[in-house]
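Reminder, nothing fancy here: chain letters follow the sequence lines and each chain counts from 1. Everything numeric here is computed off the predicted structure, so don't read it as measured data.
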Amino acid sequence: MIIAATARFDWLNKLDMLQWFKLSKEIVSDLLLAALSHETDIEAIFNYLLFIYEHKDGDHLPVATVR
Amino acid sequence: MKRQGPKDSLGWLGPIVKKEEHTLDILPTQCLCYLLYSTQQPEDEIDYTTVPMEKIPRMLAIIRNQFNTTSGAPTIEILEFFVSRLGDGSFVKRDMAQKSLALVFSGITYNVKTPEPHSTTSQIEEEEFEEEVIESSGAIDTIMNTTTTSNSAVQSPRATTPILMSGSESSRCTIHCIMLT
């Protein structure tokens, strides 16, 4: 199932077109996961979650901590 | 830059870039990213004497030149700079980072293989919804073999909207909704 990010977060759709996407996706996923704890905009949260779960690897599952 | 903090660094970097455009060519990637990031402040907060707004196209050209090149290091550095700011405690700073990322990526175009660059979640959900309704309507036909209707509109997912439906149609449509939930 492919769900695209909303227009405001179109740059997330374009990330996997980068030549160095595989190298950077782990960093980006971790940073987006960290951003979730500060984000208050529901659209941003939705798009970050979408990216994290669309690009998660079997051996690299981001871990969220609920405070 | 890291030692002084971003506010102080802009104090001297911005005016230099404003005066000497060629400075942009020799600046490290992080400084360029920071300058671009600083141009995305809310309009009422921008100090036009220090923020080089007029250099945005040149900044973008240089950043894009370093971005997505044969070496992965600048790409990761640029991404890390902006994406890490998406987790800032300040809404304004998160917004600045989002806008900067949108600007950097606006230079990257979709290739032919990428499906529907502007498709939104709602469009995809709608398509899936249609598929589900069509599948469900088949199942309902089997269950509701006593219901007789020849109206083709019932087969359409649009028939689930309660507009001018006869008795048998409305009962089928209600079942559609129940099955889908």
**Study point:** A:Phe9 side, atom CZ; B:Leu101 side, atom CG - distance, nearest 0.5 Å
**Key:** 10.0 Å
Check your understanding: Got more than 12 heavy atoms from elsewhere within 6.0 Å of CD, B:Glu20?
Key -> no
**Study point:** Point-to-point distance, once rounded to the nearest 0.5 Å, from CG of B:Leu79 to NZ of A:Lys25
**Key:** 14.0 Å
Point to revise | Under 4.5 Å from any heavy atom of chain A - which part of B:Ser106 | key: backbone
Point to revise | Backbone of A:His38 reached by a side-chain donor or acceptor of B:Arg94 within 3.5 Å | key: yes
Practice item. Go through the atoms of A:Tyr48 and report whether side chain, backbone, both or neither lie under 4.5 Å from a heavy atom of chain B. Key: side chain
Check your understanding: Rounded to the nearest 0.5 Å, how far apart are CD1 of B:Ile78 and CG of A:Leu18?
Key -> 10.0 Å
Practice item. Starting at CG of A:Asp41, measure out to CZ of B:Phe91 and round the result to the nearest 0.5 Å. Key: 6.5 Å
Review point. At a heavy-atom separation under 4.5 Å, does B:Ser84 approach chain A through its side chain, its backbone, both, or neither?
Key: both
Point to revise | Identified side-chain contact (heavy atoms from CB on, under 4.5 Å) partner of B:Val83 from the options A:Leu31, A:Leu15, A:Asp30 | key: A:Leu31
